[in-house]
There are 4 protein chains.
Amino acid sequence: MPKPTFFNLPEEKRKRILDVAMDEFATYPYSKASLSNIVARAGIAKGSMYQYFDDKKDLYTYILDLAAQEKMSYVKRELDQKTDFFTTFERLMAAGTRFNLEHPQLGQVVANALDVPGEGLLHELYSKGREMTIEFFEHMLKEGMEKGEIRGNIDPRLAATLMYSLVGQGLADYLLETLGVTMHEYLANPEISQKLTPERIEYVVTEVMKILRSGFEAQK
Amino acid sequence: MPKPTFFNLPEEKRKRILDVAMDEFATYPYSKASLSNIVARAGIAKGSMYQYFDDKKDLYTYILDLAAQEKMSYVKRELDQKTDFFTTFERLMAAGTRFNLEHPQLGQVVANALDVPGEGLLHELYSKGREMTIEFFEHMLKEGMEKGEIRGNIDPRLAATLMYSLVGQGLADYLLETLGVTMHEYLANPEISQKLTPERIEYVVTEVMKILRSGFEAQK
Amino acid sequence: MPKPTFFNLPEEKRKRILDVAMDEFATYPYSKASLSNIVARAGIAKGSMYQYFDDKKDLYTYILDLAAQEKMSYVKRELDQKTDFFTTFERLMAAGTRFNLEHPQLGQVVANALDVPGEGLLHELYSKGREMTIEFFEHMLKEGMEKGEIRGNIDPRLAATLMYSLVGQGLADYLLETLGVTMHEYLANPEISQKLTPERIEYVVTEVMKILRSGFEAQK
Amino acid sequence: MPKPTFFNLPEEKRKRILDVAMDEFATYPYSKASLSNIVARAGIAKGSMYQYFDDKKDLYTYILDLAAQEKMSYVKRELDQKTDFFTTFERLMAAGTRFNLEHPQLGQVVANALDVPGEGLLHELYSKGREMTIEFFEHMLKEGMEKGEIRGNIDPRLAATLMYSLVGQGLADYLLETLGVTMHEYLANPEISQKLTPERIEYVVTEVMKILRSGFEAQK
DNA sequence: AATGAATGAGTTTTCATTCAT
DNA sequence: GATGAATGAAAACTCATTCAT
């Protein structure tokens with residue numbers, strides 16, 4: 001948790017610090033990400049950082065938390081309208097993928113979490129998100145089963161895990177791949193994003209759903 | 001690539017070096033893995049390492065390569081007998097998952113690849129394996145389409161990518177999760193593996209196939 | 001010297017600051033004692049400290065001064081009744097030792113003075129106390145000589161220095177040692193002091209006086 | 001303990017490092033003594049220091065150990081000829097004092113030991129010397145009692161502790177004081193030592209012995 | 001070919017002190 | 001007078017890489 005000092009900072013400065021830190025943690029794995037770098041680029045004194053955060057890990061977990069929250073709130077908007085299972089899932093996938101492509105840094109910050117020493121501590125936070133997401137999918141599946149939208153003879157927990165693995169970075173990576181671009185190149189050249197039209201994203205998501213749908217869907 | 005020097009080494013010494021390095025790279029993320037540690041545990045001089053490999057990255061990519069090859073050759077054994085698409089894929093998934101559980105280190109080495117700085121260089125190698133696997137799946141799918149085993153209206157490249165994301169660590173992780181065990185705990189307590197009977201693995205794979213099958217399978 | 005500001009402070013606050021500082025300087029050697037710690041525990045702003053004292057050293061010397069004064073005034077009470085040299089010295093030793101055991105912090109503050117860098121400045125103050133004490137003993141000795149209580153053929157200054165080295169922490173340390181306790185453990189567990197009865201202290205002091213009085217030499 | 005690497009160093013270099021380190025630890029209290037300073041003055045790389053010693057504390061304890069050993073071996077030479085208690089003690093005092101004046105740094109290194117954090121650890125080593133010395137004196141006293149040289153009615157442990165407090169820095173400090181010189185000035189101006197003739201040292205030691213031998217009490 | 005000491009840039013973190021509000 | 005954020009020099013320590021033997 002940041003210290004109160006951090007929240008007393010002028011909006012502009014706080015944002016600058018977070019932006020720079022986000023960028024650093026997205027670019028380098030945790031152990032290579034450098035506080036010295038961050039403060040230099042943010043134009044603040046090294047000691048100041050320690051008046052805002054306990055230590056490097058504290059800063060990182062905060063960034064990670066922010067990333068998770070932003071994605072959550074972005075994706076959650078799709079849940080307002082109640083529809084059937086397949087439509088909801090399709091919307092979630094599309095939103096998640098769009099978010100990953102619009103904020104490629106955030107995804108990288110999460111990916112770099114693997115590197116944090118004292119593994120458990122961080123992993124905990126990192127997988128809390130995974131855990132929650134999987135549980136949400138499981139819930140969706142069970143509801144779908146009750147409504148008769150989903151076949152009854154599938155293991156909901158396992159299916160939810162599968163869904164999670166599809167919703168993560170997977171589709172975004174696939175889309176970049178079809179452009180012959182790696183995530184790193186994409187991070188460096190933001191203008192590439194213009195080649196990824198909403199239609200293109202929609203198409204891929206629909207394709208995936210097509211495959212899954214006739215799999216999950218109850219057979220008449 | 002290791003220098004010729006490395007291959008002139010007595011078998012026993014070469015193996016020792018690789019074993020220790022594998023363990024180190026499985027235990028720590030790339031940037032935390034320590035050459036000093038490796039040479040100390042392998043009982044060789046630090047300078048020698050640089051007569052075998054160009055640098056840390058060179059050693060790592062070689063280890064990574066070995067890991068990939070081992071998995072490949074393990075999994076490839078399932079391809080001998082020609083059967084239909086679904087049976088083949090099921091066997092591949094089962095074999096991959098068994099391998100991941102029997103050689104958890106190798107999987108970790110791959111997972112830790114994400115951490116390598118200097119971006120593309122490493123990713124390249126890491127995704128060469130990915131690339132090859134996906135292409136293989138794509139080939140399988142197209143063959144299946146021709147034989148009429150697979151629906152014709154799916155994007156084979158996309159589907160292959162999906163298959164890849166299912167075959168990776170995913171199922172192994174899921175199995176460990178059902179035991180309430182993290183990969184780190186599993187690495188530390190190898191005896192846990194006894195709880196993962198072949199039947200249990202078979203069950204999970206069958207479940208996944210059940211889901212996929214009626215999705216991919218051509219409708220009559 | 002504290003600035004006037006400090007003396008304008010409400011009694012209660014002033015005392016709190018001094019108590020906390022005393023504790024810190026008793027616990028850690030000068031260079032490890034932390035102003036940040038002190039202000040945090042005293043509940044005042046860091047800047048305020050610099051409105052009370054010039055700097056860390058200024059605060060420390062003041063604390064040191066207080067410690068010396070307190071001990072002085074405690075010990076001086078023994079000087080009211082005029083008696084012979086030996087009785088007076090015995091009383092001083094006993095009082096000094098009791099004080100050291102009752103206020104172990106103060107002794108530690110003095111002991112930690114050795115640590116102050118920038119040499120002379122601090123030593124000066126530290127040894128002002130030493131100087132004064134030795135001079136006082138010298139005076140006592142000379143008086144004793146005149147009265148015929150003390151042999152005339154000893155160097156009073158040297159003897160006074162010897163007396164000083166006996167009166168310091170020495171006896172208190174010895175007493176703790178006989179309990180198998182270090183000064184640090186004693187500081188942490190104040191209840192130990194109950195094992196050090198006045199009789200026990202008296203005994204040790206008497207023993208020392210016995211030695212000094214008639215010397216080591218066997219009596220014929 | 002230094003690592004083997006250190007002992008493989010050319011004599012000249014090893015000595016230079018120890019000299020510089022000794023000087024640093026004699027000049028500054030442990031926490032202010034700076035490794036960076038030491039390596040700079042010794043003209044070696046910072047990393048090298050860590051190939052010779054585990055860490056700062058390791059270097060310090062080694063220096064401390066050396067200091068103690070040197071003093072020990074210097075003083076022990078006086079023990080060859082068997083004589084009576086008083087003569088032996090007088091010789092030990094004289095030798096100890098001479099040593100302190102000839103190697104003022106070593107005494108300072110010991111004095112600065114108080115500052116080492118994780119107190120116990122270091123204190124242990126520091127007071128092992130104290131412990132041994134006191135026990136040696138105790139032994140001397142008991143022997144003297146058996147031979148009838150020493151009165152039987154004194155507490156030998158307490159007396160030994162007293163003797164220890166006299167043999168330490170005390171006399172050296174006194175001698176410097178009579179020159180109006182502090183230890184720090186003495187360390188900085190080694191030529192002062194010429195004013196401290198052996199006769200002067202002998203005189204002071206004899207004076208002290210006179211006092212101890214027959215006591216303070218006037219003879220009837 | 002093997003060794004292992006040497007290197008030094010780089011890391012995170014601490015803390016007394018200053019200064020604008 | 002009080003505040004507490006800002007500062008930055010300095011600390012201990014790490015480690016991949018080089019190079020003389």
Side-chain angles (χ1 to χ4, degrees), chain A residues 3-6 8-10 13 31-40 43-59, chain B residues 3-6 8-9 13 30-40 43-59, chain C residues 3-6 8-9 13 31-40 43-59, chain D residues 3-6 8-10 13 31-40 43-59 117:
Chain A
K3 305 184 184 173
T5 325
F6 184 63
N8 296 338
L9 246 40
K13 189 173 188 177
S31 21
K32 280 283 164 156
S34 155
L35 274 195
S36 304
N37 239 354
I38 294 176
V39 295
I44 66 173
K46 211 177 287 185
S48 297
M49 204 81 231
Y50 285 84
Q51 251 159 352
Y52 307 149
F53 299 90
D54 283 333
D55 52 17
K56 190 184 177 181
K57 192 138 71 185
D58 190 28
L59 169 59
Chain B
K3 305 183 183 171
T5 332
F6 183 63
N8 295 337
L9 247 38
K13 189 173 187 178
Y30 179 79
S31 17
K32 280 282 165 146
S34 152
L35 272 197
S36 307
N37 239 354
I38 294 175
V39 296
I44 65 172
K46 211 178 293 180
S48 300
M49 206 81 228
Y50 284 84
Q51 255 157 351
Y52 307 148
F53 298 91
D54 284 334
D55 53 15
K56 190 184 179 182
K57 194 137 68 186
D58 189 28
L59 168 59
Chain C
K3 304 183 183 173
T5 333
F6 183 63
N8 295 337
L9 248 40
K13 189 173 186 177
S31 16
K32 282 280 165 144
S34 153
L35 272 197
S36 307
N37 239 353
I38 294 175
V39 295
I44 65 172
K46 212 179 292 181
S48 299
M49 205 81 228
Y50 284 83
Q51 258 158 348
Y52 307 149
F53 298 91
D54 285 333
D55 53 16
K56 190 185 180 183
K57 193 137 70 185
D58 189 28
L59 168 59
Chain D
K3 303 184 183 173
T5 324
F6 184 64
N8 296 337
L9 247 40
K13 190 172 186 178
S31 22
K32 280 283 164 154
S34 154
L35 274 195
S36 306
N37 239 353
I38 293 175
V39 295
I44 65 173
K46 208 178 290 183
S48 297
M49 204 80 232
Y50 285 85
Q51 252 161 348
Y52 306 149
F53 298 91
D54 283 334
D55 53 16
K56 190 183 178 183
K57 191 138 74 186
D58 190 29
L59 169 59

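The basis for the numbers below is simple: all heavy atoms, side chains too, and nothing from hydrogens, waters or symmetry mates. What you see is a predicted model, and the numbers here were worked out from it, not measured in a lab. Order of the sequence lines fixes the chain letters, A, B, ..., with proteins taken first and strands second; residue numbering starts at 1 for each chain.
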Nearest-Å distance, OH (C:Y50) to P (E:dA20)?
17 Å

On DNA chain E, nearest-nucleotide positions of A:A33 versus D:I44: which is more 5'?
D:I44

For C:K46, which contact category applies under a 4.0 Å heavy-atom criterion: base, sugar-phosphate, or nothing?
base

When all nucleic acid strands are considered with a 4.0 Å heavy-atom cut-off, which category describes B:S48: base, sugar-phosphate, or nothing?
base

Judged by atom type as modelled, is there a donor-acceptor pair below 3.5 Å linking the side chain of B:S31 to the main-chain atoms of A:S31?
no

Could you tell me the separation between the NZ atom of C:K57 and the C1' atom of E:dT17, rounded to a whole number of Å?
14 Å

With a 4.5 Å heavy-atom cut-off, do B:V39 and B:Y50 have their side chains touching?
no

Separation of F:dT18 atom P from B:L35 atom CG, nearest Å, is 12 Å

Apply ring-ring contact (aromatic ring centres under 6.0 Å, His included) to D:F6 and list each qualifying residue two or more places apart in sequence or on a separate chain.
D:Y52, D:F53

Nearest to the B:K13 side chain among F:dA16, E:dT13, E:dA2, which nucleotide is it?
E:dA2

Nucleotide F:dT14, atom C1' - distance to NZ of D:K56 in whole Å:
17 Å

Closest approach of D:D54 to D:K3 (non-hydrogen atoms, all atoms of both residues):
OD1-CE, 3.1 Å

In the structure I gave you, are the side-chain heavy atoms of D:I44 and D:M49 within less than 4.5 Å of one another anywhere?
yes

To the nearest Å, how far apart are D:Q51 CD and F:dT17 C1'?
12 Å

Please pick, from E:dT12, F:dT7, E:dA5, the nucleotide with the shortest atom-to-atom distance to any side-chain atom of A:S36.
E:dT12

Given atom CG of A:N8 and atom P of F:dG4, what is their separation to the nearest angstrom?
9 Å

Classify the nucleic acid contact of A:Y52 as base, sugar-phosphate or nothing, counting any heavy atom under 4.0 Å across all strands shown.
sugar-phosphate

Judged by each residue's nearest nucleotide on DNA chain F, which is more toward the 5′ side, B:G47 or A:A45?
A:A45

Want to settle it: does D:S34 or B:D55 sit nearer the 5' end of DNA chain F, counting the closest nucleotide to each?
D:S34

Please name the pair of heavy atoms, one in C:K46 and one in C:S36, separated by the smallest distance, quoted to 0.1 Å.
NZ-OG, 3.4 Å

Measure the distance from CE on C:M49 to C1' on E:dT18 and round it to the nearest whole Å.
16 Å

Using a cut-off of 4.0 Å on non-hydrogen atoms, how would the nucleic acid contact of C:A40 be classed: base, sugar-phosphate, or nothing?
nothing

Cation-pi check for B:Y30 against A:K32: NZ or CZ below 6.0 Å from the six-membered ring centre and within 45 degrees of the axis, yes or no?
no

Counting only Watson-Crick and G-U wobble pairs with both atom distances below 3.5 Å, the stems of 3 or more consecutive pairs that include DNA chain F are E:2-21 with F:2-21

Atom CG of C:L9 and atom C1' of F:dA2 are separated, to the nearest Å, by 10 Å

